[in-house]
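Inspection log for the structure reproduced underneath, given as structure tokens.
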Amino acid sequence: MRIAIGSDHGGTDLKAAILAHLIANGHDVQDLGTDGATSVDYPDFAKAVCGRVVDDTADRGILVCGTGQGMAMTANKVSGIRAAVVNDTFSARMAMLHNNAKVLCLGQRITGSGLALELVDAWMSCEFEGGRHQRRVAKMTS
Ligand code: RB5
């Protein structure tokens, strides 16, 4: 799968762990930064990752900040994007199965790397079910 990934300075360590995990599992990963501890603005990275999904140069996107919240708020303002903050595997699966959330948002200050990798795997193991869920997600913007 083609995955675009980005973080702010509050998410670089978890981004690195997810990046290594995805590459080890054979995925095509596009790392859009940031790297290092210099303070940056999370919307810049959220928009960059969502842009890759919207223009179909990535199948899905992953965003990491301190809590995942700012990334998700920004991503959900990008036309065509549905993003979900997840902290449990059931929500990670349902975000894809029922909500077709192609952008996953995680909080490095909330979620340890062990659980975060399980959340990523749970979300990536699923595809959108469509059907009645397609009607519902379409109503979000109609
Ligand atoms: C940065 O300090 C922090 O606000 C950011 O990483 C994120 O948690 C915002 O939602």
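FYI, the numbering just counts along the sequence from 1. Whatever order the structure lists ligands and atoms in, that order sets their numbers, starting from 1.
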Open item on the list: Quick check on Gln108 - does any of its heavy atoms sit under 4.0 Å from an atom of ligand 1?
Closed with: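 Gln108: no contact with ligand 1 (<4.0 Å).
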- [ ] Examine ligand 1 and decide if any of its atoms is less than 4.0 Å from a heavy atom belonging to Met71.
- [x]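 Contact check Met71 vs ligand 1: negative.
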Task: Under-4.0 Å salt bridge between Asp28 and Arg2 - done: no
Task: Note: Arg60-Glu127 ion pair, threshold 4.0 Å (strictly below) - done: yes
Please report whether ligand 1 has a polar contact with [X], defined as an N or O pair separated by less than 3.5 Å (distance criterion only).
{"X": "Tyr42", "answer": "no"}
{"X": "Gly10", "answer": "no"}
{"X": "Gln69", "answer": "no"}
{"X": "Gly70", "answer": "yes"}

Residue, atom name and distance, where the atom is the protein heavy atom closest to [atom]:
{"atom": "atom 7 (C) of ligand 1", "answer": "Cys65 SG, 3.4 Å"}
{"atom": "atom 6 (O) of ligand 1", "answer": "Asp8 OD2, 2.6 Å"}
{"atom": "atom 3 (C) of ligand 1", "answer": "Arg109 NH1, 3.7 Å"}

Task: For Gly66, atoms of ligand 1 separated by under 4.0 Å from a heavy atom - done: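 Close to Gly66: 5 (C), 6 (O), 7 (C), 8 (O).
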If you round to the nearest 0.5 Å, how far is [atom2] of [Y] from [atom1] of [X]?
{"X": "Thr12", "Y": "Asp35", "atom1": "OG1", "atom2": "CG", "result": "7.5 Å"}
{"X": "Gln108", "Y": "Lys15", "atom1": "CD", "atom2": "NZ", "result": "10.5 Å"}
{"X": "Asp121", "Y": "His21", "atom1": "CG", "atom2": "NE2", "result": "3.5 Å"}
{"X": "Cys105", "Y": "Asn76", "atom1": "SG", "atom2": "CG", "result": "7.0 Å"}

Open item on the list: Checking contacts now, so for atom 10 (O) of ligand 1, which I'm interested in, is there any protein heavy atom under 4.0 Å?
Closed with: yes
Open item on the list: Test of understanding: given a 4.0 Å heavy-atom threshold, classify the contact between His9 and ligand 1 as side chain, backbone, both, or neither.
Closed with: side chain
TODO: Say whether, by atom type as modelled, one donor and one acceptor occur between the side chain of Asp8 and the main chain of Gly10 under 3.5 angstrom.
DONE: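 Judged by distance alone, yes, a pair lies under 3.5 Å.
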Open item on the list: Less than 4.5 Å apart, side chain to side chain, heavy atoms only: is that true for Leu63 and Val103?
Closed with: yes
